[in-house]
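Beneath this line is the structure, given in structure tokens, with notes to follow.
We number each residue from 1, following the sequence as shown.
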Amino acid sequence: HLFEDLGLPQKYSCVHIQKTVNNNQTIFRSQSIVTEKPKHIPADAELMAMKENIGICDVLTPHKINFSFTVLFEDYVKIPQFAEKLVGVILNKIFKRVKLFIENIAFN
């Protein structure tokens, strides 16, 4: 629980991820699963209400990739300014995992 000392509720994210590959472009789309909470999540944790996450990887050459990641929150979600850095850290982790995925792609 990252913000327990500040009195903010614990949040979790559980998403369904769809991977689509079109030629040299790989798209990762994820949406929150709101119908069920995973068993290992604490009972008082709240779902982080995200509409959709979209990660687009355009492989230009074996050594050059354009990558973009978009996070769309539900309209009612207000993120405190101090939490913006946390979002950046999470996105950085996602980027690193996608980078590992890209490094493991076999080019013909």
Side-chain angles (χ1 to χ4, degrees):
H1 189 336
L2 298 173
F3 298 116
E4 183 175 22
D5 295 339
L6 300 175
L8 295 175
Q10 184 174 6
K11 301 282 188 179
Y12 76 94
S13 179
C14 181
V15 296
H16 176 264
I17 300 174
Q18 177 185 4
K19 175 182 154 188
T20 307
V21 179
N22 298 317
N23 297 323
N24 290 333
Q25 184 181 66
T26 304
I27 301 171
F28 297 93
R29 289 184 180 275
S30 62
Q31 294 179 323
S32 292
I33 299 173
V34 297
T35 55
E36 61 185 72
K37 181 188 267 189
K39 294 177 185 176
H40 63 279
I41 301 295
D44 59 343
E46 299 175 1
L47 178 67
M48 176 56 100
M50 292 182 284
K51 282 185 187 178
E52 187 174 26
N53 297 319
I54 305 165
I56 301 173
C57 250
D58 287 312
V59 181
L60 305 176
T61 72
H63 303 286
K64 187 172 182 180
I65 296 171
N66 282 338
F67 180 76
S68 67
F69 196 84
T70 304
V71 178
L72 301 172
F73 290 98
E74 296 290 348
D75 294 335
Y76 62 86
V77 174
K78 302 292 183 220
I79 299 176
Q81 283 186 335
F82 65 86
E84 288 182 17
K85 182 172 182 171
L86 176 64
V87 172
V89 170
I90 292 169
L91 290 176
N92 189 34
K93 286 185 179 189
I94 292 171
F95 175 77
K96 286 181 180 180
R97 289 182 183 179
V98 171
K99 180 179 175 277
L100 288 174
F101 163 77
I102 293 167
E103 289 172 348
N104 292 320
I105 292 175
F107 290 97
N108 296 330

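Every pair tested for salt bridge (charged side-chain N to carboxylate O under 4.0 Å, His left out) that includes a residue from residues 53-63 fails, sequence neighbours excluded, so the list is empty. Among pairs with a residue in residues 19-28, none fulfils salt bridge (charged side-chain N to carboxylate O under 4.0 Å, His left out), at least two apart in sequence or across chains. Among residue pairs with one or both ends in residues 35-60, none qualify as ring pair (Phe, Tyr, Trp, His ring centres under 6.0 Å); sequence neighbours excluded. Sorted by first and then second residue, the side-chain hydrogen bond (donor to acceptor under 3.5 Å, both in side chains) pairs involving residues 29-38 (not counting sequence neighbours) are R29-E52, S30-N53.
Qualifying side-chain hydrogen bond (donor to acceptor under 3.5 Å, both in side chains) partners for E74, counting only residues two or more places apart in sequence or in other chains: none. Residues passing the side-chain contact (heavy atoms from CB on, under 4.5 Å) test with K93, sequence neighbours excluded: V89. Listed by chain and residue number, K51 satisfy the salt bridge (Lys or Arg N to Asp or Glu O under 4.0 Å) test with D75 (two or more places apart in sequence, or in another chain). Listed by chain and number, the residues in a ring pair (Phe, Tyr, Trp, His ring centres under 6.0 Å) with F69 amount to none (sequence neighbours excluded). The ring pair (Phe, Tyr, Trp, His ring centres under 6.0 Å) test applied to F101 returns F28, not counting sequence neighbours.
T70 OG1 to I56 CD1: the interatomic distance, rounded to the nearest 0.5 Å, is 6.5 Å. Going from atom CD1 of I33 over to atom SG of C14 covers 4.0 Å, rounded to the nearest 0.5 Å. For the atom pair CD1 (I65) and CG (L60), the distance works out to 8.0 Å, reported to the nearest 0.5 Å. Atom CD1 of residue I54 and atom CD of residue Q18 lie 11.0 Å apart, to the nearest 0.5 angstrom. Interatomic distance, CE of M50 versus NZ of K11, reported as 10.5 Å (0.5 Å rounding).
Taking hydrophobic clusters as Ile, Leu, Val, Met, Phe, Trp and Tyr residues chained together by side-chain heavy-atom distances below 4.5 Å, M48 does not share a cluster with L72. Using a 4.5 Å cut-off between side-chain heavy atoms of Ile, Leu, Val, Met, Phe, Trp and Tyr, with links allowed through other members, L100 and I27 fall into different hydrophobic clusters.
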- prompt: So C57 and Q25, side chain to side chain contact (heavy atoms under 4.5 Å, CB included) or not? Walk me through it.
  reply: CA-CA 6 Å; C57 250; Q25 184 181 66; over 6 Å; no
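With a 4.5 Å cut-off between side-chain heavy atoms of Ile, Leu, Val, Met, Phe, Trp and Tyr, the cluster of Y12 takes in V34, I41, L47.
Among N23, T26, N24, the single residue meeting the side chain to side chain contact (heavy atoms under 4.5 Å, CB included) criterion with V59 is N24.
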